[in-house]
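Predicted model only: the values in this text are computed from it and were never measured. Starting from 1, each residue takes its place in the sequence as its number. Whatever order the structure lists them in is the order used to number ligands and atoms, beginning at 1.
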Amino acid sequence: MFSRLATRPLATRPLARTLATPTKQWDRGMKVLAILYRGGEAARQEPRLLGTVENELGLRSWLESQGHEFIVSDSKEGPNSDLHKHITDAEVVITTPFHPGYLTRDLIDKAKNLKVCVTAGVGSDHVDLNAAVERKIQVLEVTGSNVTSVAEHVVMSILLLVRNFVPAHEMIERGDWQVSDVARNAFDLEGKVVGTIGAGRIGYRVLERLMPFDTKEHLYYDYNSLPAEAEKKVRARRVEDLKALVSQCDVVTVNCPLHEGTRNLVNADLLKHFKKGAWLVNTARGAICDKDAVAAALKSGQLSGYAGDVWNVQPAPKDHVWRTMKNALGGGNGMVPHYSGTTLDAQARYAAGTRSILENYLKGKPQEPANIIVGIGKYETKAYGQR
Ligand code: NAD
């Protein structure tokens, strides 16, 4: 694996020596607020669902034994929510992309005591990062913790769209058997051109995992280019113009963070440049793709399929068009709730990574460089836009 993409085990990564460190916290209690998703009966039966309100990332006894207050809730919307109530005096806020506690500029203004936002997972776009920079609030995430989980989901989603899997399964469940109805829109992935928007940890792993499928070509669009050796390893060719990339691809997969430069990036205008009947997979963030333009492209046949697990608002409203949109043949929808990066394997990694970030903070130790999205007063990552 190549240096920009490598995800070494958390315990063996080197620590930054030069970053500013916070003052030591172990001599006093602080308030830690965690906004997680509610796990219900499943979380009571399955303790490995660590990222839930019920199982609290496994942090409660450890934090309380050191005299810290730990508030855990899924209530995040509106002035009476726990997020709005407790943000005013919390020193650390833990959020998760799976049930995003939106830390808007307004909320950050009210958070007089806030020093650190920790994302239990990967993707911190639910935090107003510019406001965090201005307020000198650190934004840290457990980089790499679920990138393999997501890459596997992307490959699965590409296959289920290209092979027209969902309508075929639904037919069987209905009790029908008409092979031609599903075979008429089923293809092989072999020989297809696949392009990724973003070739970081996830995008690169997707290309690695596609190698055995004998795809025709791999293209990528990213302002950070891959080292030549890394390109060669996954047969990737960089395309500097996004329209030129999508016009050559049978399959496009979105693997970049959501920021000012990617919000609504895949819109009606860009979709016109896709090959007619292409497949689009987005497990990055819902708001990177225009919801209505995608639904219209599927209906018109400009796209044959759209799949992913991320939505512009989460939880997605019951009437969200992506729940039920279909292509003209009644298929092409591979949407699921946001879970590709929250497999039980991933939860173990991001729970351990969250604890390690808190331990560093409490002991005044430097954080892992790769985990720092916003350091004290500046962006440390190159992934959230060119600055
Ligand atoms: P990463 O930082 O390793 O890679 C992101 C890449 O995107 C970088 O190479 C960056 O240069 C590139 N990029 C940024 N802006 C771009 C633009 N305008 N055009 C093209 N490329 C651009 O991040 P990663 O670990 O690969 O994760 C990527 C994103 O995937 C996360 O930010 C998150 O939003 C999403 N994600 C989703 C899940 C899930 O469960 N669905 C889980 C983890 C991450």
Side-chain angles (χ1 to χ4, degrees), residues 1-7 37 51 95-100 119-127 129 139 141-154 156-157 195-208 219-227 230-231 236 238-243 245-246 252-267 270 281-289 307-312 314 316 334-343 345-347 349-350 353 369-373 379-387:
M1 187 51 79
F2 302 86
S3 58
R4 183 163 77 78
L5 311 157
T7 311
Y37 62 87
T95 51
T96 168
F98 307 103
H99 181 71
T119 301
V122 173
S124 299
D125 51 276
H126 57 283
V127 181
L129 298 176
V139 182
E141 62 184 40
V142 192
T143 294
S145 56
N146 54 15
V147 295
T148 298
S149 324
V150 180
E152 288 185 4
H153 193 97
V154 172
M156 174 188 77
S157 300
T196 176
I197 302 177
R201 294 174 181 84
I202 296 174
Y204 192 80
R205 280 169 174 73
V206 169
L207 300 184
E208 279 185 317
L219 307 179
Y220 75 99
Y221 172 80
D222 195 319
Y223 52 77
N224 285 310
S225 63
L226 290 166
E231 285 186 350
R238 184 169 175 219
V239 179
E240 291 194 32
D241 179 75
L242 184 54
K243 288 178 179 160
L245 176 121
V246 299
V252 175
T253 156
V254 184
N255 297 296
C256 56
L258 173 64
H259 55 78
E260 299 94 325
T262 59
R263 187 174 292 278
N264 234 18
L265 185 66
V266 183
N267 52 29
L270 187 70
V281 173
N282 174 17
T283 54
R285 284 295 177 260
I288 297 173
C289 295
D309 67 331
V310 285
W311 304 72
N312 59 330
Q314 294 187 183
M335 289 306 295
V336 291
H338 191 171
Y339 86 110
S340 71
T342 186
T343 58
D345 299 302
Q347 295 197 40
R349 290 188 294 262
Y350 67 68
N371 287 349
I372 309 174
I373 303 303
Y379 279 86
E380 293 290 347
T381 177
K382 291 193 170 74
Y384 280 76
Q386 290 169 288
R387 283 162 222 282

Looking at [X], which atoms of ligand 1 are within less than 4.0 Å of one of its heavy atoms?
| X | value |
| --- | --- |
| Gly200 | 3 (O), 4 (O), 6 (C), 9 (O), 26 (O) |
| Asp309 | 39 (C), 40 (O), 41 (N) |
| Val150 | 38 (C), 39 (C), 40 (O), 42 (C), 43 (C) |
| Pro257 | 5 (C), 7 (O), 14 (C), 32 (O) |
| Val310 | 41 (N) |
| Arg285 | 33 (C), 34 (O), 35 (C), 36 (N), 37 (C) |
| His338 | 39 (C), 40 (O), 41 (N) |
| Val147 | 25 (O) |

Does [X] have a heavy atom less than 4.0 Å from any atom of ligand 1?
| X | result |
| --- | --- |
| Phe98 | yes |
| His259 | yes |
| Asn255 | yes |

May I ask which of [options] has a heavy atom nearer to [atom] than the others do?
| atom | options | answer |
| --- | --- | --- |
| atom 17 (C) of ligand 1 | Thr196, Thr262, Thr381 | Thr262 |
| atom 26 (O) of ligand 1 | Ile197, Thr96, Thr342, Ile202 | Ile202 |
| atom 19 (N) of ligand 1 | Tyr384, Tyr221, Tyr220 | Tyr221 |

Side-chain contact, heavy-atom cut-off 4.5 Å: [X] with [Y]?
| X | Y | result |
| --- | --- | --- |
| Thr196 | Leu207 | yes |
| Arg205 | Val154 | no |
| Cys256 | Ile288 | yes |
| Val336 | His153 | yes |
| His338 | Pro100 | no |

Exercise for review: List for me each residue that meets ring-ring contact (aromatic ring centres under 6.0 Å, His included) alongside Tyr223, sequence neighbours excluded, and say none if there are none.
Suggested key: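 Checked Tyr223 against ring-ring contact (aromatic ring centres under 6.0 Å, His included); zero matches.
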Quick check: does [X] get an N/O under 3.5 Å from an N/O on ligand 1?
| X | value |
| --- | --- |
| Asn146 | no |
| Arg201 | yes |
| Gly341 | yes |

**Study point:** Considering all heavy atoms, the nearest Gly144-Val122 contact
**Key:**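 In terms of heavy atoms, the two residues are closest at N-CG2, 3.8 Å.
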Point to revise | Shortest non-hydrogen contact between Phe98 and Asn146, atoms and distance | key: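 Closest approach of Phe98 to Asn146: CZ-ND2, 3.8 Å.
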**Study point:** Side-chain donor-acceptor pair present, Asp345, Thr343, cut-off under 3.5 Å
**Key:**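 Short answer, no.
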Point to revise | Test item: side-chain donor near acceptor, Arg285 and Thr262, under 3.5 Å | key: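 Result is no, nothing qualifies.
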**Study point:** For Gln347, all residues meeting side-chain hydrogen bond (donor to acceptor under 3.5 Å, both in side chains), sequence neighbours excluded
**Key:**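 Per chain and number, Gln347 pairs via side-chain hydrogen bond (donor to acceptor under 3.5 Å, both in side chains) with Tyr37, Thr342.
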